[in-house]
Amino acid sequence: MIKTEEKCRLCGRELEKDEIALTKKLINRGAVEFLCIGCLAEHFEVSRETLVRKIAEFREAGCTLFDRTAE
Ligand SMILES: [Zn+2]
């Protein structure tokens, strides 16, 4: 997981790149505030596991928001 400078808007936890990408994908591509996976799960009333699986799906689909390799 790649850490970033961004923090979750709700809980303040440091975010990973995938969480930022997921926020963009699920909420708004132009989002400037991001949520961690736990807060996203609560927001959408789904399990964390569902979102982890979503990240994998988006990555497999070749979504450019999700990096395949560490930078
Ligand atoms: Zn959070």
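Nothing here was measured: the structure is a model prediction, and the numbers come from that model. Atoms within each ligand, like the ligands themselves, are counted from 1 in listed order.
Using a distance-only test at 3.5 Å, with no hydrogens or angles considered, no donor-acceptor pair links the side chain of Thr4 to the main chain of Lys17.
Linking ILVMFWY residues whenever their side-chain heavy atoms come closer than 4.5 Å, directly or via other members, leaves Leu65 and Ile20 in distinct clusters.
Looking only at side-chain heavy atoms (C-beta outward), Arg13 and Lys7 stay at 4.5 Å or farther from each other.
Evaluation of the side chain to side chain donor-acceptor pair (under 3.5 Å) rule for Ser47 yields Thr50 as partners, not counting sequence neighbours. Taking the salt bridge (Lys or Arg N to Asp or Glu O under 4.0 Å) definition, one finds that Glu57 meets it with Lys54, sequence neighbours left out.
Listed by chain and residue number, the protein N/O/S atoms under 2.8 Å of the Zn ion (ligand 1) are Cys8 SG, Cys11 SG, Cys36 SG, Cys39 SG, with waters left out.
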Donor-acceptor pairs are to be reported for all side-chain atoms of residues 23-40 against protein atoms at under 3.5 Å, with residues two or more places apart or in another chain.
unit_1	atom_1	unit_2	atom_2	d
Thr23	OG1	Glu19	O	2.9
Thr23	OG1	Leu35	N	3.3
Thr23	OG1	Leu35	O	3.3
Asn28	OD1	Gly30	N	2.8

